[in-house]
2 protein chains.
Amino acid sequence: MSGVGVTEAPRRRAARPVDKFDERRAQLAESALQTLGTLGYARTSLREIANNSPFSHGVVHYYFQDKLELVVYSVRYYKARCVTRYDGVVADSTSAAELVDRFADRLAETIRDEAPMHRLWYDLRTQSMFEASLREAVTQIDATLQDMIWRVVSRYAELAGRTPSLPPAVAYGMLDGLFQQALLAYGDEPEQTLAALAAQVHDVMPMFLGGPAQAAAGARPTV
Amino acid sequence: MSGVGVTEAPRRRAARPVDKFDERRAQLAESALQTLGTLGYARTSLREIANNSPFSHGVVHYYFQDKLELVVYSVRYYKARCVTRYDGVVADSTSAAELVDRFADRLAETIRDEAPMHRLWYDLRTQSMFEASLREAVTQIDATLQDMIWRVVSRYAELAGRTPSLPPAVAYGMLDGLFQQALLAYGDEPEQTLAALAAQVHDVMPMFLGGPAQAAAGARPTV
DNA sequence: TCCCGATCTGGACAGTCGTCAAGAATTCTC
DNA sequence: GAGAATTCTTGACGACTGTCCAGATCGGGA
């Protein structure tokens with residue numbers, strides 16, 4: 001099972017040494033992401049994906065069992081690289097204030113640079129409430145996003161010498177709500193929206209801080 | 001222009017006194033909501049809506065210009081009554097603690113009772129990022145939801161003798177994030193999810209409180 | 001060079017969709 | 001009850017969808 005896909009499927013052969021097969025899957029995923037990000041899940045057809053790729057529409061079923069497998073593979077493919085987005089912020093910041101600054105900047109930056117991908121993610125997550133076949137992948141990706149946010153929040157508390165005042169799910173839910181709100185408004189008032197988001201993050205992050213951290217090693221938040 | 005629809009359209013005649021016309025539109029909206037809530041926006045066809053109604057599929061275009069108008073009308077129709085959901089909580093609570101209790105209960109209750117409607121709303125809001133024709137209606141509804149939440153938060157602060165520490169958009173964004181997270185998880189673990197949501201609201205609401213309220217004119221006596 | 005499997009193409013299929021219009025059925029008016 | 005305006009049904013149209021498949025094309029081993 002290669003790094004990205006959990007539900008491998010067709011795999012006609014296993015001959016080629018370094019797996020040209022997975023390479024093509026990734027290539028198709030790139031094209032699919034471009035189309036999905038622009039049109040959304042419902043309005044994206046396999047023919048349209050193929051049009052934005054070097055291939056014809058028939059080839060999709062050579063590498064993927066059906067449309068759903070391609071879409072899930074593509075989103076996993078994207079999210080796999082983007083969950084590390086804030087790891088640099090976590091690793092390099094030397095003070096709580098610096099971490100907040102860089103975290104807020106990075107949030108705004110990713111809306112500016114990858115808005116279509118984020119729209120796609122929220123689209124897919126919403127569709128998973130109606131389409132059971134999407135649930136598993138969505139749940140798993142959502143958990144990795146929550147972990148990503150929690151790395152930021154817990155490091156933030158650590159740098160501030162405090163304990164996080166809220167469990168991971170709450171911190172993630174709240175920040176995700178603000179992020180989604182910004183993504184929605186971004187289409188109308190781009191720069192103003194991003195500035196507002198950064199300011200909101202500065203306002204909100206201190207709320208995640210609880211009492212002074214225990215001096216003991218590895219102390220967990222009380223919650 | 002009647003209470004619900006902003007974009008009236010076909011209106012073949014203006015003869016009937018009490019407007020049988022709007023009555024049928026509302027009736028179709030009810031059927032549409034049932035189907036949309038179950039299947040989601042993308043998977044709902046006009047024929048399916050008609051199947052869940054006393055009418056045949058052709059009648060839709062007699063009362064609505066196209067599918068989009070029916071959908072937007074339906075969601076407005078639903079949201080128009082549901083934005084008053086917490087007004088009783090705001091009006092009747094006599095202490096900050098009571099308000100939080102009742103607010104949290106009501107949030108959980110509406111997920112239990114109207115989950116499909118909430119799924120539909122998030123679906124439509126997400127689709128509006130891809131389909132410009134949905135933007136206007138979504139933006140407007142979102143604003144009324146933010147107002148609804150703000151009535152709760154500001155009254156809460158008032159009862160606590162404090163000032164709200166965050167602007168309406170932030171309070172709404174954060175609570176909406178938690179609500180959406182609960183809605184997503186509700187399918188798997190209903191009761192556990194609702195209990196967690198209520199607990200989260202209890203944790204989070206105090207964060208919305210800032211410094212002591214000014215004793216300025218019109219301020220209600222503190223508890 | 002030839003061959004054979006891997007890869008890819010383009011068309012076909014069966015189904016669904018939104019929309020429309022002709023006419024039946026219903027309801028209202030006089 | 002007759003006539004007219006309405007409401008509603010039914011069937012059709014063209015466009016689009018995911019999927020499949022027969023055959024063209026490609027590329028590497030003999």
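In what follows, chains carry the letters A, B, and so on, assigned in the order in which the sequence lines appear, proteins first and then strands, with residues in each chain numbered from 1.
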* To do: Determine whether A:Leu166 and B:Gln200 make a side-chain contact, defined as any pair of heavy atoms from C-beta on separated by less than 4.5 Å.
  =>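 Side-chain contact under 4.5 Å: no.
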* To do: Compare all side-chain heavy atoms of B:Phe179 with those of B:Leu175 and state whether any distance is below 4.5 angstrom.
  =>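 With C-beta onward as the side chain, the pair stays apart.
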When you check the side-chain N and O atoms of [X] and [Y], is any donor under 3.5 Å from an acceptor?
| X | Y | value |
| --- | --- | --- |
| A:Asp123 | B:Gln127 | yes |
| B:Tyr172 | B:Asp142 | yes |
| B:Tyr63 | B:Asp22 | no |

Any [X] side-chain nitrogen or oxygen under 4.0 Å from OP1 or OP2 of [N]:
| X | N | value |
| --- | --- | --- |
| A:Tyr63 | C:dC8 | yes |
| A:Tyr62 | C:dT7 | yes |
| A:Arg24 | C:dC8 | yes |
| A:Ser45 | D:dC16 | no |

Between [N] atom [atom2] and [X] atom [atom1], what is the distance in whole Å?
| X | N | atom1 | atom2 | value |
| --- | --- | --- | --- | --- |
| B:Asp66 | C:dT19 | CG | P | 5 Å |
| A:Glu23 | C:dA6 | CD | P | 18 Å |
| A:Leu46 | C:dC8 | CG | C1' | 16 Å |
| B:Leu68 | C:dC17 | CG | P | 17 Å |
| B:Arg43 | D:dG18 | CZ | P | 12 Å |
| B:Leu70 | C:dT19 | CG | C1' | 14 Å |
| B:Arg25 | D:dT6 | CZ | P | 17 Å |
| A:Ile49 | D:dT19 | CD1 | P | 11 Å |

* To do: Using a heavy-atom cut-off of under 4.0 Å over every strand shown, decide if B:Ser56 touches base, sugar-phosphate, or nothing.
  =>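 If one applies the 4.0 Å heavy-atom cut-off, B:Ser56 turns out to touch a base.
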* Which part of the nucleic acid does A:Thr44 contact within heavy-atom distance under 4.0 Å: base, sugar-phosphate only, or nothing? ->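 Contact class for A:Thr44: sugar-phosphate only.
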What's touching nucleotides 12-15 of chain C from the protein side, N or O pairs under 3.5 Å?
from   : atom 1 : to      : atom 2 : distance (Å)
C:dA12 : N6     : A:Arg47 : NH2    : 2.9

* **Test: B:Arg151 cationic atom under 6.0 Å from B:Tyr86 six-membered ring centre, within 45° of axis** =>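 No.
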* To do: Decide whether a cation-pi geometry holds between B:Arg43 and A:Phe130; the criteria are a distance under 6.0 Å from NZ or CZ to the six-membered ring centre and an angle within 45° of the ring axis.
  =>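 No.
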* Asked: Quick one: on DNA chain C, does A:Phe55 or B:Glu48 contact a more 5' nucleotide (nearest heavy atom)?
  ->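 It is A:Phe55, whose closest nucleotide lies nearer the 5' terminus.
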Throw together a table of side-chain donor-acceptor distances under 3.5 angstrom for residues 46-53 of chain A, partners on residues two or more places apart or in other chains.
from    : atom 1 : to      : atom 2 : distance (Å)
A:Asn52 : ND2    : A:Thr35 : OG1    : 2.9
A:Ser53 : OG     : A:Ala50 : O      : 2.9
A:Ser53 : OG     : A:Phe55 : N      : 3.0

* Compare the minimum distances between each of D:dT19, C:dT19, D:dT7 and the side chain of B:His61, then state the nucleotide with the smallest one. =>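 Nearest listed nucleotide: C:dT19.
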* Is it true that A:Arg85 and A:Glu114 have a side-chain N and a carboxylate O under 4.0 angstrom from each other? ->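 Between A:Glu114 and A:Arg85 there is a salt bridge, with a charged N closer than 4.0 Å to a carboxylate O.
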* Angle of first-five versus last-five pair axes in the helix from C:dT1-D:dA30 to C:dC30-D:dG1, to 10 degrees ->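 One end axis against the other gives 0°.
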* Asked: Do the side chain of B:Gln181 and the main chain of A:Ala169 share a donor and acceptor less than 3.5 angstrom apart?
  ->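 Yes, because the side chain of B:Gln181 sits within donor-acceptor range (under 3.5 Å) of the backbone of A:Ala169.
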